[in-house]
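This report refers to the structure that appears directly beneath it.
In listed order, ligands and their atoms are each counted from 1. As the structure is a prediction and not an experimental result, all values here were calculated from the model. Below, all heavy atoms of this structure are taken into account, side chains as well, without hydrogens, waters or symmetry copies.
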Amino acid sequence: MFTLQRKTALVTGAGRGIGRAIAETLARYGANVMVNDLDIEPAEETAAAIGARGASFAGDVTDPAFPQALVDATLETFGSLDIIVNNAGYTWDNVIQKTTDEQFEAMLKIHLTAPFRILRAASGWIRETAKREAAEGVRITRKVVNITSIAGTDGNPGQAGYSSGKAGVVGLTKTMSKEWGRYNVTVNAVGFGIIETRLTQPLAGEAASIDVQGRKIAVGVQPAVLDWVKKACPLGRMGTPEEAANAVLFFCSPLSDYVSGEVLICGGGLHF
Ligand SMILES: NC(=O)c1ccc[n+]([C@@H]2O[C@H](COP(=O)([O-])OP(=O)(O)OC[C@H]3O[C@@H](n4cnc5c(N)ncnc54)[C@H](O)[C@@H]3O)[C@@H](O)[C@H]2O)c1
C-alpha cells in the first residue's frame with residue numbers, strides 16, 4: 001500500500017487521453033495535480049473531474065516563456081512540486097522527403113525541448129529544497145517521468161521527427177537521472193506502444209485532424225496498421241489510457257524509489 005498524499009504532481013497535456021488518465025490516477029492516489037493542456041476547456045474539465053486536489057494552468061509548453069510560468073503557478077497553488085510528468089505531445093507524420101524543416105523541428109520542440117525547459121524551470125526549487133531537506137536530515141524522493149514511444153526506441157517509418165524527439169527525451173532522462181540523483185529525484189521514461197486515444201483513432205474517409213497553434217494537423221492510423229498491431233502485439237489489442245497511466249504511476253510511487261534512468265515500455269509486448 002502506498003499513498004501520494006501531500007505530493008504535488010504537474011502533468012502536461014493532461015486535458016485528454018493518456019495525460020488525463022495519468023492526472024486522474026495520481027489524484028486517486030492522493031496527489032494534488034496541476035493539469036496543463038494547450039486547450040483550456042479540456043484542461044479545466046480534467047481539473048474539475050479531480051475536484052479539490054486539482055487545478056489547471058492552460059498554455060503551450062513549446063512557448064519558451066511558458067515552462068517557468070507553469071512551474072511557478074504550480075508552486076504558488078500547491079506550495080510544492082514532487083512529481084513532473086512530461087506527457088504533452090502529438091504526431092505530425094510523413095516520409096522524410098515530404099517532411100518540412102518546420103514539421104521536423106515542431107516534433108523536437110514538443111517532445112524534447114519542452115521537457116528540457118520544464119525540468120530546467122523546476123531545477124532551482126528542486127535543488128534548494130533538496131539541500132534544505134538534507135540539512136534537516138530528511139530524504140524525500142521526487143519523481144520525473146518523461147513520456148516516450150516505441151517509435152523512439154525502435155524507429156517507425158513516417159515518423160523521422162516524432163521518433164527523433166521521442167529518442168532524444170530518453171537521452172534527457174538518462175542525463176537528468178545522473179544530475180539529480182544527489183537531490184533524490186528519480187528520472188525515468190515510459191514508452192508506449194499503441195494506446196487508444198485521438199492520436200491512434202482509425203483513419204476513415206476524411207482524415208481526422210487536431211488543431212495545434214492554428215494549424216490543422218492530420219492524426220490517426222490506417223486501419224490496416226491497426227489490424228497489424230492486433231496481430232503483432234502479444235496481448236492482441238491496443239492499450240487503454242488507464243493501463244498506460246498505471247505504468248507511469250509506478251515511476252511516480254515509492255515502489256520505484258530505487259529505479260532511475262530507465263525506460264519502461266508499456267505496449268502489451270509490441271515492438272515495431
Ligand atoms: N496514443 C499512443 O498510442 C501513444 C503511443 C506512444 C506515445 N504516446 C505519447 O503519449 C503522449 C500523450 O498522447 P495521447 O495519445 O494521450 O494524445 P492526445 O492527443 O489524446 O492527448 C495529448 C494532449 O497533449 C496536448 N498538447 C499537445 N500539444 C501541446 C502543447 N504544445 N502544450 C500543451 N499541451 C499540448 C493536447 O492538447 C492533448 O490534450 C504524447 O506524448 C504521445 O506522443 C502516445
Side-chain angles (χ1 to χ4, degrees), residues 10-25 34-47 56-67 69-70 85-93 105-115 117-118 145-156 159 161-170 189-202 208-215 217-221 225-226 229 233 237-245 247-248 263-268 270-272:
L10 163 59
V11 186
T12 67
R16 299 185 182 79
I18 297 167
R20 177 167 180 158
I22 293 168
E24 292 185 353
T25 300
M34 177 57 88
V35 173
N36 156 262
D37 202 278
L38 182 62
D39 300 325
I40 296 172
E41 270 183 32
E44 287 177 347
E45 273 169 31
T46 303
S56 66
F57 194 78
D60 182 352
V61 292
T62 68
D63 171 345
F66 184 75
L70 178 58
V85 184
N86 279 307
N87 165 80
Y90 62 97
T91 48
W92 193 1
D93 297 348
E105 281 161 11
M107 290 291 93
L108 298 189
K109 266 188 201 151
I110 181 71
H111 297 292
L112 178 56
T113 311
R117 288 195 183 124
I118 287 170
V145 186
N146 294 321
I147 300 306
T148 183
S149 163
I150 57 172
T153 52
D154 297 337
N156 194 30
Q159 295 197 312
Y162 181 79
S163 65
S164 297
K166 288 303 199 190
V169 83
V170 172
V190 176
F192 298 123
I194 305 294
I195 309 296
E196 285 171 17
T197 70
R198 68 178 184 159
L199 292 188
T200 54
Q201 60 195 295
S209 65
I210 59 169
D211 202 335
V212 181
Q213 291 145 338
R215 180 193 273 280
I217 294 175
V219 290
V221 178
V225 173
L226 294 176
V229 166
C233 175
R237 61 180 178 85
M238 294 164 76
T240 66
E242 291 69 30
E243 288 173 318
V248 175
V263 182
L264 172 65
I265 300 298
C266 169
L270 178 73
H271 282 274
F272 285 145

Count the heavy atoms of every other residue, nucleotide or ligand shown that sit under 6.0 Å from CD of Glu242, and state whether that count exceeds 12.
-> yes
Is a side-chain donor-acceptor pair under 3.5 Å present for Gln213 with Thr62?
-> yes
Under 4.5 Å between any side-chain heavy atoms of Ile147 and Lys166, yes or no?
-> yes
Heavy-atom check, side chain of Thr91 versus side chain of Gln159, under 4.5 Å |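 When only atoms from C-beta onward are counted, Gln159 and Thr91 do touch, with a gap below 4.5 Å.
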Enumerate the pairs of nitrogen or oxygen atoms, one from ligand 1 and one from the protein, separated by less than 3.5 angstrom; state names and distance to 0.1 Å.
| unit_1 | atom_1 | unit_2 | atom_2 | d |
| --- | --- | --- | --- | --- |
| ligand 1 | 1 (N) | Ile195 | O | 3.2 |
| ligand 1 | 1 (N) | Thr197 | OG1 | 3.2 |
| ligand 1 | 3 (O) | Gly193 | O | 3.3 |
| ligand 1 | 3 (O) | Ile195 | N | 2.8 |
| ligand 1 | 3 (O) | Ile195 | O | 3.3 |
| ligand 1 | 15 (O) | Thr197 | OG1 | 2.6 |
| ligand 1 | 16 (O) | Ile18 | N | 2.8 |
| ligand 1 | 19 (O) | Arg198 | NE | 2.7 |
| ligand 1 | 31 (N) | Asp60 | OD1 | 2.8 |
| ligand 1 | 32 (N) | Val61 | N | 3.1 |
| ligand 1 | 34 (N) | Leu38 | N | 3.1 |
| ligand 1 | 37 (O) | Arg16 | NH1 | 3.1 |
| ligand 1 | 37 (O) | Asp37 | OD1 | 2.7 |
| ligand 1 | 39 (O) | Arg16 | NH1 | 2.8 |
| ligand 1 | 39 (O) | Asp37 | OD1 | 3.3 |
| ligand 1 | 39 (O) | Asp37 | OD2 | 2.6 |
| ligand 1 | 41 (O) | Asn87 | O | 2.7 |
| ligand 1 | 41 (O) | Lys166 | NZ | 2.9 |
| ligand 1 | 43 (O) | Tyr162 | OH | 2.7 |
| ligand 1 | 43 (O) | Lys166 | NZ | 3.3 |

Parallel under 30°, tilted from 30 to 60°, perpendicular over 60°: which one fits the rings of Phe57 and Phe66?
-> parallel
Correct closest heavy-atom pair for Ala88 and Thr12 would be N-OG1, 2.9 Å
